[in-house]
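Below is one structure; the comments refer to it alone.
All heavy atoms count here, side chains included; hydrogens, waters and symmetry mates do not.
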Amino acid sequence: MLSAGAGYVNFYINVPEFGRATLEAVVRGGEGYGRTPGQEGGERVIVEHTSVNPIHPIHIGGARNAIIGDCLARILKASGADVMRHFYIDDVGLQVAQASLGFSKAGGIRQDLKIDHFVGFVYAVTSCAINLKSLKREVERLKAEGKDQEAVDKIREVDDWVAAAADLRSRDEKTFDAVFGAVSGLEDPEGEIARLLQRYEAREEEAVGLIRGLCERTISGFRETLKRAGVFFDSWDWESEVASWNGGAKEAVERLEATEFVRVEEGTMLLDCEAVIEKFGLREKYAIRTEVPPLILRRSDGTTLYTTRDIAYTLWKFGRAERIINVISIEQKLPQLQLKLALHALGRPDLAERLVHFSYELVHLPGYKMSGRRGRYVAFDDVLDEAVARAYQEVSSKSPHLSEAERQRIAELVGIGAVRYAMVSVASHKPLTFTWDRVLNFERNSAPFIQYAHARSCNILAKAGESWRGTQAEYSALSSAYEKALIVSLSTFPERVSDAAKSLKPEDVAAYANDLASTFNLFYDNVPVLKTEDARAKAARLALVDATRIVLANALAMLGIEAPSRM
RNA sequence: GGGUUCGUGGCGCAGACUGGACAGCGCGGCGGCCUCCUAAGUCGUAGGUCGGGGGUUCGAAUCCCCCCGAACCCGCCA
């Protein structure tokens with residue numbers, strides 16, 4: 001039936017029939033409802049995400065990346081794609097060499113601190129020592145040249161690093177003194193780091209042992225954190241292996257060198273991005289309104305830079321998938337564009353077309369700016385701990401009848417669910433300001449709200465037993481507005497999932513789950529299920545509850561959030 | 001300085017690409033609902049010049065231009 005008004009067409013649905021069809025489809029589909037089964041020869045997609053530098057623990061910004069990337073992968077998989085999740089380990093960067101140098105001076109590791117946190121500390125101390133040394137030299141030079149005002153500005157920077165150093169020292173004097181003293185005592189720490197990196201790229205045994213040793217340790221910490229957060233990878237790609245030692249970066253540079261777009265200036269090799277844009281008419285395609293600076297492919301000392309190695313890595317990934325989605329923060333917008341331009345320069349516009357930079361905004365902290373180099377960040381581990389602790393308080397006060405073990409189990413999945421939901425539900429192009437109260441809320445518009453609706457549905461079903469399943473359901477009994485709304489919501493789930501996958505908007509699944517939970521709560525408060533007199537009407541309502549339970553669980557699964565049956 | 005993105009009630013968000021039914025939701029405020037399937041729920045109420053100003057349109061939070069504010073980028077870092 002149709003009716004029109006104010007330029008809109010309203011549809012009315014044959015509820016009993018539609019209800020029957022929807023509920024049967026949900027129950028028949030079970031865990032698969034809302035999912036498109038993967039097919040032989042389906043699109044292979046690599047989602048590269050997290051890829052935190054192995055020099056400090058994953059902080060709250062990396063957590064946003066990990067959670068968005070993980071949800072994206074889950075949703076794409078649900079829509080039928082053959083998804084592989086990759087973590088790119090940037091072990092060929094300057095920062096890793098720097099952390100490794102400091103680590104070699106630390107005089108052993110601390111057993112009482114998670115290893116990636118210890119590495120982060122050592123890296124920050126090393127970075128302080130190096131920055132202070134070079135800034136002080138700069139100040140001397142400026143003073144000698146009579147540039148007093150510039151010297152004053154530099155002194156201000158020195159003060160900032162001195163403050164960072166004092167803060168670090170207060171955390172662990174022994175390690176600080178060992179690392180800071182040793183690094184400051186080096187005649188030319190920056191040169192030493194550059195040489196270490198060169199030796200690593202040349203795959204010299206000692207350098208490999210040092211850098212790999214550090215990376216392996218840090219990554220073992222990452223794995224622990226990520227596992228707890230429900231984030232998993234199919235592949236851990238060492239930059240050294242997929243871009244450097246395998247000759248990939250060298251080959252990419254050579255191939256680019258053979259094109260008309262590369263030139264050498266003062267020993268550095270540059271890709272003329274503007275020339276690429278002009279040649280292939282890409283200005284409009286990529287909405288480029290300003291001059292794109294040249295991409296430096298090779299340093300004057302012969303080593304490669306991150307984006308150069310990323311070209312090689314991208315080609316490597318395209319050997320394994322048709323589409324690549326890189327979850328990388330908005331800060332790297334320009335290098336990601338330059339990466340595409342490099343593909344064009346190599347004569348592979350088809351690859352550029354299927355390379356997606358899924359960018360997300362940074363996580364801010366009220367009051368200060370995070371800085372790995374200064375050792376200032378909120379670690380993902382600490383966020384998870386705090387979330388679970390708060391959830392435990394909540395569970396204990398709301399469900400004191402549950403056993404201690406069960407309260408702990410529920411606290412874990414509620415706390416972590418809350419963090420995941422908070423991270424994925426905000427559109428990724430919006431900056432996120434981190435505050436505990438905001439991220440760890442357990443009310444509506446949060447994972448616990450959805451989990452609670454799920455637990456309620458489970459509870460009704462648990463009390464109903466199994467006998468109703470043998471009863472012929474009378475779907476015409478589902479006549480209230482609450483029931484109709486619920487049926488409509490359930491029926492739209494598969495479409496919502498495929499839309500979210502197409503538009504790469506995991507937050508849409510989060511919003512759907514919240515809406516469904518809300519719709520179910522209205523039903524719950526207004527329609528008594530177990531008290532329904534007529535057995536066939538009761539069976540229909542129980543089928544509706546069962547279907548809701550299934551869809552809530554499936555939606556939560558796509559967000560990597562567990563669905564408890566009690567809480 | 002140039003570019004990109006964002007600016008929606010006290011706070012946090014959705015809606016914007018594909019312009020249309022009173023701009024939705026949560027937190028916080030105020031006032032209700034547990035002899036009834038878990039109140040992490042729910043109902044009611046107050047609170048909005050959709051940053052500001054022009055324009056396009058029958059119609060603009062949504063499209064265009066200008067301005068203001070914030071974030072990010074413009075490195076032989078990643």
Handout entry: Under 4.0 Å protein heavy-atom contact, by nucleotide of nucleotides 3-9 of chain B - B base, S sugar-phosphate only
Key = SSSSS--
Exercise for the section: Tell me what Leu461(A) touches on the nucleic acid: a base, only sugar-phosphate, or nothing, going by heavy atoms under 4.0 Å. Expected result: nothing
Exercise for the section: Take atom NE2 of His364(A) and atom P of rA71(B), then tell me their distance rounded to the nearest Å. Expected result: 8 Å
Practice task
Inspect the contact between Asp546(A) and Arg549(A) and indicate whether a charged nitrogen and a carboxylate oxygen are less than 4.0 angstrom apart.
Solution key: yes
Exercise for the section: Find the partner of rC13(B): check Watson-Crick (N1-N3 plus N6-O4 or O6-N4) and G-U wobble (N1-O2, O6-N3) distances, both under 3.5 Å, and reply none if neither fits. Expected result: rG24(B)
Practice task
Look at all strands and tell whether Val414(A) reaches a base, only sugar-phosphate, or nothing, counting heavy atoms closer than 4.0 Å.
Solution key: base
Fill in the blank from the handout: Those residues at least two apart in sequence (or on a different chain) that pass ring-ring contact (aromatic ring centres under 6.0 Å, His included) with Tyr123(A) are none
Problem - rC63(B) - base-pair partner by Watson-Crick or wobble geometry, distances under 3.5 Å - result: rG55(B)
Handout entry: Residues that Asp90(A) engages under salt bridge (Lys or Arg N to Asp or Glu O under 4.0 Å), provided they are two or more places apart
Key = Arg309(A)
Exercise for the section: May I ask you to verify if any side-chain N or O of Asn521(A) is less than 4.0 angstrom from the OP1 or OP2 atom of rU42(B)? Expected result: yes
Exercise for the section: For nucleotides rG41(B) and rG54(B), find the distance between their C1' atoms and express it as a whole number of Å. Expected result: 48 Å
Problem - Pairing residues for Tyr512(A) by the ring-ring contact (aromatic ring centres under 6.0 Å, His included) criterion, not counting sequence neighbours - result: Phe493(A)
Exercise for the section: Please name all residues satisfying side chain to side chain donor-acceptor pair (under 3.5 Å) with Thr548(A), sequence neighbours left out, ordered by chain then number. Expected result: none
Problem - Distance in angstrom units between Glu507(A) CD and rG26(B) C1', rounded - result: 17 Å
Practice task
Whole angstrom is fine here: how far is it from CG in Leu522(A) over to P in rC25(B)?
Solution key: 11 Å
Practice task
State whether Arg373(A) places a side-chain N or O below 4.0 Å from either non-bridging phosphate oxygen (OP1 or OP2) of rA78(B).
Solution key: no
Exercise for the section: Decide, for rC25(B), between syn and anti: a glycosidic angle within 90° of 0 counts as syn, anything else as anti. Expected result: anti
Practice task
Quote, to the nearest angstrom, the P distance that separates rU49(B) from rA61(B).
Solution key: 13 Å
Practice task
Could you tell me the separation between the NZ atom of Lys463(A) and the P atom of rC37(B), rounded to a whole number of Å?
Solution key: 7 Å
Problem - Distance, rounded to the nearest Å, where Glu190(A) contributes CD and rC77(B) contributes C1' - result: 12 Å
Fill in the blank from the handout: Looking only at rA40(B), rA39(B), rC77(B), the nucleotide nearest the Leu94(A) side chain is rC77(B)
Practice task
Using whole Å, report how far NE2 of His59(A) lies from C1' of rA78(B).
Solution key: 12 Å
Exercise for the section: For rU8(B) and rG24(B), measure between their C1' atoms and round to the nearest Å. Expected result: 11 Å
Handout entry: Electrostatic pair Glu190(A):Lys133(A) at N-O distance under 4.0 angstrom
Key = no
Problem - Whole-angstrom distance between rA21(B) and rU62(B), as gauged at atom P - result: 13 Å
Fill in the blank from the handout: Here the distance between atom P of rA40(B) and atom CD of Glu562(A), to the nearest Å, is 21 Å
Practice task
Give a yes/no answer on whether the side chain of Arg456(A) brings an N or O atom under 4.0 Å of OP1 or OP2 in rA40(B).
Solution key: no
Exercise for the section: Could you list the residues that satisfy ring-ring contact (aromatic ring centres under 6.0 Å, His included) with Tyr200(A), not counting sequence neighbours? Expected result: Trp245(A)
Problem - RNA chain B: 5'-proximal contact among Glu331(A) and Ala391(A) (nearest heavy atom) - result: Ala391(A)
Practice task
Using only side-chain N and O atoms of Tyr306(A), determine if any of them is under 4.0 Å from OP1 or OP2 of rC76(B).
Solution key: no
Problem - Integer-rounded Å distance: rA40(B) C1' and Phe449(A) CZ - result: 9 Å
Problem - C1'-based separation of rG19(B) from rG59(B) [nearest Å] - result: 8 Å
Problem - Nearest-Å distance once atom P is located in both rG51(B) and rC17(B) - result: 15 Å
Practice task
Answer yes or no: is there an ion pair linking Glu353(A) with Lys285(A), defined by an N-O contact shorter than 4.0 Å?
Solution key: yes
Practice task
For rG20(B) versus rG2(B), give the span between their C1' atoms, rounded off to a whole number of Å.
Solution key: 38 Å
Problem - Lys/Arg N to Asp/Glu carboxylate O, Arg283(A) vs Glu274(A), below 4.0 Å - result: yes
Exercise for the section: Write down the distance separating the C1' atoms in rC13(B) and rA78(B), rounded off to the nearest Å. Expected result: 31 Å
Practice task
Respond yes when some side-chain nitrogen or oxygen of Arg299(A) is under 4.0 Å from OP1 or OP2 of rG75(B), and no when none is.
Solution key: no
